[in-house]
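What follows is a short report on a single structure.
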Amino acid sequence: MAKVELAPLRPWDDFFPGSERFAKPDGKDLAKWNNRVVSNLLYYQTNYLALAVVVFLVVGFLNPLGMLTAMVVVSGVFLGSVWAGENRAVISNFKRQNPTAFVIAVMVASYILISMLGSVMVFMSAITLPLALVFAHASFRLRNMKNKLENKIEGAGLKRSPMGILLEALGQQEESFQKIQSFLEGKLKE
């Protein structure tokens, strides 16, 4: 198994090159849209992390207690969902069959718990704003050849990254791994 490596920080002109490298995703083909988002999350993960940290720090300085509450709740819900996905067959099947709905359910559960604790605005600005910015960029940014190559290397297990591990825990890459495994098994039989 490959060791975990953080992807390099991509240059600004690659991360945000201009309008010609952005396009509206096809809402009718959700599999293709999901593939674009996952590919961009893997390729630009360090840029997304930097963006999230900047927003996170600004909001954290403005409301430190609310930020701590939001961090604890989101971490707890995420860890609970990963545990439940691995130890409960019903949840594991739901996660495998509906990965996007599973992620949305985790986010909604976090929101409900945070609203009960009175830190909704902190959640909205510190957690949701970076997620919305990252999701928007990952949805609209067209992939380039280097992006596709890096993702194939990660998908084959030759390289591992923190975002790849997170996406795997959320069930977002299982289909890719199964396709690669089937392809490799087919080649071995030949």
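Computed from heavy atoms alone, side chains included, the values below leave out hydrogens, waters and symmetry copies. We're numbering straight along the sequence, starting at 1.
In this structure the side chain of P25 reaches within 4.5 angstrom of the side chain of F140, judged on heavy atoms. Counting only heavy atoms from C-beta outward, the side chains of W33 and V37 approach each other to under 4.5 Å.
Residues R141 and R36 approach most closely at O-CD, 3.5 Å, considering heavy atoms. Considering every non-hydrogen atom in both G85 and S92, the closest pair reads O-CB, 3.0 Å.
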Side-chain donor-acceptor distances from residues 109-116 under 3.5 Å, at least two apart:
| unit_1 | atom_1 | unit_2 | atom_2 | d |
| --- | --- | --- | --- | --- |
| S110 | OG | V106 | O | 3.0 |
| S115 | OG | Y111 | O | 3.4 |
| S115 | OG | I112 | O | 2.7 |

Listed pairs under 3.5 Å, donor-acceptor, residues 59-77 side chains, sequence neighbours left out:
| unit_1 | atom_1 | unit_2 | atom_2 | d |
| --- | --- | --- | --- | --- |
| N63 | OD1 | G66 | N | 3.1 |
| T69 | OG1 | L65 | O | 3.0 |
| S75 | OG | M71 | O | 2.8 |

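Hydrophobic clustering (ILVMFWY, side-chain heavy atoms < 4.5 Å, transitive): W12 and V54 are in distinct clusters. Both F135 and Y44 belong to a common hydrophobic cluster when Ile, Leu, Val, Met, Phe, Trp and Tyr are linked at side-chain heavy-atom distances under 4.5 angstrom. Hydrophobic clustering (ILVMFWY, side-chain heavy atoms < 4.5 Å, transitive): L133 and L49 are in distinct clusters. L9 and V134 are members of different hydrophobic clusters when ILVMFWY side chains are connected at heavy-atom separations under 4.5 Å. If you chain together hydrophobic residues whose side chains sit under 4.5 Å apart, V82 and L79 fall into the same group.
Using a distance-only test at 3.5 Å, with no hydrogens or angles considered, no donor-acceptor pair links the side chain of R10 to the main chain of N47.
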### Message
Using the rule given for side-chain contact (heavy atoms from CB on, under 4.5 Å), can you reason through Y48 versus N40, listing the C-alpha separation, both sets of side-chain angles and the distance that settles it, and then say yes or no?
### Response
CA-CA 10 Å; Y48 294 147; N40 283 330; 3.9 Å; yes

### Query
How far apart are the C-alpha atoms of F102 and Q97, what are their side-chain angles, what is the distance that settles it, and do they pass the side-chain contact (heavy atoms from CB on, under 4.5 Å) test?
CA-CA 9 Å; F102 182 75; Q97 293 170 355; over 6 Å; no

### Message
Could you walk me through whether F94 and V90 satisfy the side-chain contact (heavy atoms from CB on, under 4.5 Å) test, starting with their C-alpha distance in whole Å, then the side-chain angles of each, then the deciding distance to 0.1 Å, before giving a yes or no?
### Response
CA-CA 6 Å; F94 177 76; V90 173; 5.7 Å; no

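From M107, atom CE reaches atom CG of L131 across 5.0 Å, with rounding to the nearest 0.5 Å.
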